[in-house]
Amino acid sequence: MIRVLHLLGHTPDFETERGAAVLAKNAGANYSIDRRTIGPGGDYRHSLLAAFLLRRRIGRDVDVVHAWGEGARIAAVAAGARQIVFSPGEFPTPRHILRLKHALTISDVRIACSSQSLRRAYLSAGITEDRLTLIRPAVEMPSAPPARDAGLRRALGFCDGDYVILAPGESTRSAGHRDTLWAASVLHVLDPTYKILLWGRGDQTLSCVRLAEKLRQPTLLTVAEWKLGRRLDFSQLPSVADGAVFSPIGATPTLPLTLCMAAGLPVVATPAALALELLKDWQNAVLVARHAPRLFAQSVLEMRTNGGATPAAGTSASNNKLAAFSCERYVDEFRRLYLSHAISACEKP
């Protein structure tokens, strides 16, 4: 049996949380996965304490450490782990690369990149190709686009005639949800049935709420978890929306976008590298010429005028792209990575 330790931050992002849960549930009888979190309220208060306490376990009852994020990787290296799988949560900075190159001199670190863009970023920073593996996020693919969840839609305060625009994922600075809000505001002036829906997680959620208040459009914005007063899985939200606007201004997880595509939502997106890996203009999305709220609004109007004629999961090309995000493929690729790591550890003197 291969014993794997998952190290995560105490509040992992949606893509990290979903990926770790899929692996823990589906790894199989030959893999034992233990999960530990780092941070206030987690199993270890901080990375230094995690490294100190984990030294007793590394090599004795742990074969491979899977570090989700930079803080977890630092703790794993400091704890003396030799076999590390690293899933970065963001694009590398110069400091990040400097620390990683040092870690590579003392540990066997394999980097599991969630996108080609992230993989190219590491290659351009001087990380060798043999250290990099492309493993796209896991998406449970429905056999057919799910029906609209009328009950949840009503609970969120939407009417049948409303056109609900979903901003995928957590509201972070790099996600660009403020620009999606601006676009929805422009549409809301033309037609009050245009509304925007945010999940309710991310450090920029309150900023978006305050912007909506300044715009003096009280029915424009709905924050799902705030409205319901409870936690809600993001995968439930595409069944409430009529379209999605993906407007990142930096590195942001693609899993929320793929969930929107799998649900068959029409998508408007910026021509960012992350989006271009999944989307093709007027085949499974409308790609704007540049990042601008006015262009987002115009593209939503064009998409709606065409009757939502760009359903994200409605073409064979889209389904082929989404096949690369299947849960079975995701689990198999990580199992192979864990196995090769464990074997290489046994071969070393």
Side-chain angles (χ1 to χ4, degrees), residues 14 148-250 252 256-257 259-260 263 265-270 285-286 288 290-308 310 312:
F14 174 61
R148 174 175 289 186
D149 190 336
L152 180 57
R153 187 177 169 98
R154 286 194 300 272
L156 290 170
F158 298 123
C159 303
D160 292 339
D162 289 336
Y163 190 89
V164 181
I165 300 169
L166 176 61
E170 293 152 312
S171 298
T172 61
R173 193 174 300 277
S174 61
H177 286 178
R178 283 175 62 92
D179 292 328
T180 303
L181 178 61
W182 270 110
S185 175
V186 172
L187 294 168
H188 191 77
V189 171
L190 299 174
D191 183 349
T193 62
Y194 283 100
K195 309 287 179 65
I196 180 171
L197 176 63
L198 300 183
W199 184 16
R201 300 189 195 177
D203 56 12
Q204 292 296 300
T205 302
L206 182 58
S207 174
C208 290
V209 171
R210 287 173 174 167
L211 175 59
E213 292 173 350
K214 291 179 181 179
L215 294 171
R216 300 181 183 277
Q217 295 171 316
T219 63
L220 170 65
L221 172 63
T222 298
V223 181
E225 290 194 340
W226 294 19
K227 178 74 173 181
L228 298 175
R230 60 180 174 86
R231 293 179 68 83
L232 187 73
D233 194 277
F234 179 80
S235 60
Q236 296 177 258
L237 294 182
S239 64
V240 171
D242 299 285
V245 175
F246 186 66
S247 57
I249 55 178
T252 189
L257 172 62
L259 289 172
C260 292
L265 282 187
V267 175
V268 170
T270 59
V286 177
V288 299
R290 56 187 174 84
H291 190 102
R294 178 184 60 82
L295 296 180
F296 296 152
Q298 180 180 341
S299 296
V300 170
L301 284 174
E302 291 176 358
M303 184 172 63
R304 195 176 183 188
T305 300
N306 283 272
T310 59

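- For the pair Phe14 and Pro256, the tightest heavy-atom approach, listed with the atom from each and the gap, is CD2-CG, 4.0 Å.
- In this structure, Arg173 CZ and Ser207 OG are separated by 7.5 Å, a value rounded to the nearest 0.5 Å.
- When all heavy atoms are compared, the tightest approach of Ala183 to Ala297 is O-CB, 3.7 Å.
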Task: Test side chain to side chain contact (heavy atoms under 4.5 Å, CB included) applied to Phe296 and His291, step by step - done: CA-CA 8 Å; Phe296 296 152; His291 190 102; 3.8 Å; yes
- [ ] Kindly determine whether Met303 and Val267 satisfy side chain to side chain contact (heavy atoms under 4.5 Å, CB included), including the steps that lead there.
- [x] CA-CA 9 Å; Met303 184 172 63; Val267 175; 6.0 Å; no
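- Atoms CZ and OG1, on Phe158 and Thr222 in that order, are 3.5 Å from each other to the nearest 0.5 Å.
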- [ ] Begin with the C-alpha distance, continue with both residues' side-chain angles, and end with the deciding distance and a verdict on salt bridge (charged side-chain N to carboxylate O under 4.0 Å, His left out) for Arg148 and Asp160.
- [x] CA-CA 11 Å; Arg148 174 175 289 186; Asp160 292 339; 5.6 Å; no
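- Of all the heavy atoms in Leu301 and Tyr194, the pair that sits closest is CD2-OH, 3.4 Å.
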Open item on the list: Run the side chain to side chain contact (heavy atoms under 4.5 Å, CB included) test on Asp162 and Arg153 for me, step by step, so that the C-alpha distance in whole Å, both residues' side-chain angles and the decisive distance to 0.1 Å come before the verdict.
Closed with: CA-CA 10 Å; Asp162 289 336; Arg153 187 177 169 98; 3.9 Å; yes
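- Among all heavy-atom pairs drawn from Gln217 and Ser185, the shortest one is OE1-OG, 2.6 Å.
- A distance of 10.0 Å separates OG1 of Thr205 from CH2 of Trp199, quoted to the nearest 0.5 Å.
- Residues satisfying the salt bridge (Lys or Arg N to Asp or Glu O under 4.0 Å) criterion with Asp233, sequence neighbours excluded, are Arg18.
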Task: side chain to side chain contact (heavy atoms under 4.5 Å, CB included) between Leu220 and Leu181, worked out - done: CA-CA 9 Å; Leu220 170 65; Leu181 178 61; 3.7 Å; yes
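- Counting only distance, with no hydrogens or angles, the side chain of Asp179 and the backbone of Pro293 share no donor-acceptor pair below 3.5 Å.
- Interatomic distance, CD of Gln204 versus CG of Leu211, reported as 11.0 Å (0.5 Å rounding).
- Exactly one of Leu295, Val186, Leu187 qualifies for a side chain to side chain contact (heavy atoms under 4.5 Å, CB included) with Val300. That residue is Leu187.
- Two residues are said to be in side-chain contact when any heavy atoms from C-beta on lie closer than 4.5 Å; Leu152 and Leu228 meet this criterion.
- Atom OG in Ser239 sits 8.5 Å away from atom CG in Leu265 (nearest 0.5 Å).
- Side-chain contact between Leu198 and Trp226 is absent, with no heavy atoms from C-beta onward closer than 4.5 Å.
- Residues Val240 and Leu166 are not in side-chain contact: their nearest non-hydrogen atoms beyond the backbone lie 4.5 Å or more apart.
- Under the rule for a salt bridge (Lys or Arg N to Asp or Glu O under 4.0 Å), the partners of Arg201 that lie at least two apart in sequence or sit in another chain are Glu225.
- Of the residues Ile165, Leu221, Thr219, Leu156, the one that meets the side chain to side chain contact (heavy atoms under 4.5 Å, CB included) test with Lys195 is Thr219.
- Formation of a donor-acceptor pair under 3.5 Å by the His177 side chain with backbone atoms of Ser247 is not found in this model.
- Note that the SG atom of Cys260 and the CZ atom of Phe234 stand 4.0 Å from one another [nearest 0.5 Å].
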